[in-house]
Amino acid sequence: MVLGWAQARRAAYDSVVPLTAVTEPLAAALGLRLAAPLVAAEDLPGFDNAAMDGYAVAGAPPWRVVGRSLAGDPPPPAAVGGADRADRADGAGEAWEVATGAHLPPGTRSVLPVEDADVDGALVSGCVEPGRHVRHRGEEALAGEVLLAAGTRVTPQVVALAAAVGVSALSVVPAPRVAALVTGSELGDGPGRVRDALGPALPGWVAWAGGTSTGVTRLIDDAEMLRGALGGADAEVVVVTGSSSVGREDHVRPLLAELGATPVADGVDCRPGSLAGLWRLADGRLVAALPGNPFAALVAFVTVVAPALGGLRGDPLSPLGPVTGDLSPHRSATRLVPVRLTADGVVALGHDHSAMLRGVAAADALAVVPPEGGTALLQPLPV
Ligand SMILES: Nc1nc2c(c(=O)[nH]1)N[C@H]1C(S)=C(S)[C@@H](COP(=O)(O)OP(=O)(O)OC[C@H]3O[C@@H](n4cnc5c(N)ncnc54)[C@H](O)[C@@H]3O)O[C@H]1N2
Ligand code: MOO
């Protein structure tokens with residue numbers, strides 16, 4: 001069934017569930033969604049330590065410097081005495097010179113920053129509140145504590161937190177794999193042929209939408225070749241460009257019907273991109289039809305492929321914000337228009353027919369213009 005543009009986008013998203021979780025090292029998990037909560041493996045910090053370069057002390061000044069604790073040093077021995085000054089000839093408590101991040105020597109409670117310290121030979125004095133400039137074991141996280149919920153996107157900051165709490169691998173929803181089949185006997189270089197614009201673009205579109213491209217295969221217009229390539233595509237989503245229309249050599253829809261594929265969207269009421277479609281095969285794979293006309297193919301990609309990939313990754317379907325601008329609607333269908341963003345709204349760039357590329361290559365985004373001339377929305381473009 002032909003769906004409205006927003007309906008098709010929603011249907012593509014709703015047609016999938018997140019892929020089965022995998023465990024990945026931190027670097028490979030970047031950008032994916034947590035499939036399980038992030039749980040601290042260790043306390044953070046792992047031990048009481050100095051928050052400033054200076055002197056670790058206890059009790060009232062003055063203090064006698066008895067040692068040095070640098071970051072990375074083993075914990076200093078116990079029995080540092082801030083309180084035992086009564087035993088000392090000069091009446092001073094003890095201080096340890098400490099670096100930021102160093103173990104806080106046992107018996108000390110505060111760190112006097114070096115710039116606040118008066119040093120007189122082996123004696124240090126200065127003013128510091130009890131407990132100041134100390135980071136306590138577990139004050140940010142305790143081992144076993146849930147730090148982030150499942151569904152959180154693994155940003156570089158999440159990677160940093162995981163590493164800090166001793167977690168080196170994460171349970172994540174993997175990126176869906178996408179195989180591209182670019183059909184067209186006319187494609188190629190030389191007189192009378194048409195240069196392939198989509199094959200070079202598809203890996204970038206897939207990466208932008210959060211998929212992993214497994215490769216682009218060029219096919220001539222042949223039903224059996226398409227059947228073979230579709231059957232052999234090892235991916236969650238197969239994107240077929242061209243061959244989506246009703247001509248003698250347009251094999252996508254007849255083949256999908258023959259295979260008994262279930263339509264999610266069979267045509268979209270938009271211009272360009274009306275021939276876009278998405279189906280589910282009996283084996284669970286999705287097949288997307290992208291019209292051969294390049295701008296139409298991109299519209300189809302953002303309409304049905306990108307939302308499906310988002311759903312497979314466990315991403316939410318992002319709401320599209322309204323835009324204003326001088327945008328002329330189509331009489332009956334949603335129009336997608338390449339636009340540039342300005343402080344006063346959007347400006348249509350032209351070159352926006354189905355077979356064109358100049359408009360969209362120069363555009364910041366697409367304006368999604370409803371037929372009745374209501375509020376237009378801003379659809380981001382692959383970057
Ligand atoms: N009788 C009808 N004809 C057409 C209809 C229709 O409703 N009834 N719809 C038109 C629309 S809209 C589109 S869009 C195209 C879609 O055609 P196909 O998906 O079947 O694609 P092709 O026929 O193979 O190619 C169309 C056009 O695009 C060029 N092309 C194809 N692949 C590439 C590529 N990889 N890089 C650059 N250009 C490509 C191809 O040479 C054709 O010019 O159907 C209309 N016809
Ligand atoms: O699918 Mo055709 O684009 O309507 O441009």
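When a ligand or atom number is given, it counts from 1 through the structure's own listing order. Note that the structure is a prediction, hence the values are computed from the model and not measured.
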What residue and heavy atom of the protein are closest to [atom], and at what distance?
atom                    : result
atom 15 (C) of ligand 1 : Asn293 ND2, 3.6 Å
atom 6 (C) of ligand 1  : Ser245 OG, 3.7 Å
atom 36 (N) of ligand 1 : Ala197 N, 2.9 Å
atom 1 (N) of ligand 1  : Val246 CG2, 3.7 Å
atom 29 (C) of ligand 1 : Gly292 O, 3.8 Å
atom 9 (N) of ligand 1  : Leu275 CD1, 3.5 Å

Contact partition for Asp221 relative to ligand 1, non-hydrogen atoms under 4.0 Å = neither
Between Asp222 and Arg227, is the closest basic N to carboxylate O distance under 4.0 Å?
-> no
May I ask you to decide whether Arg177 forms a salt bridge with Glu236, counting only side-chain N to carboxylate O separations under 4.0 Å?
->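 Answer for the salt bridge query: yes.
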For Asp250, the atoms of ligand 1 under 4.0 Å from one of its heavy atoms are 20 (O), 23 (O)
Does the N or O separation between Asp196 and ligand 1 drop below 3.5 Å for any pair?
-> yes
Relative to atom 18 (P) of ligand 1, which among Ala289, Ser274, Ser243 owns the nearest non-hydrogen atom?
-> Ser243
To atom 41 (O) of ligand 1, the nearest of Glu186, His251, Arg271, Glu249 on a heavy-atom basis is Glu186
Go through the steps for Arg340 and Leu349 under the test side-chain contact (heavy atoms from CB on, under 4.5 Å), then give the verdict.
-> CA-CA 7 Å; Arg340 186 163 281 158; Leu349 295 176; 4.0 Å; yes
Are the side chain of Gln7 and the backbone of Gly4 linked by a donor-acceptor contact shorter than 3.5 Å?
-> yes
If you measure from each non-hydrogen atom of Pro272 to ligand 2, which part falls under 4.0 Å: side chain, backbone, both or neither?
-> both
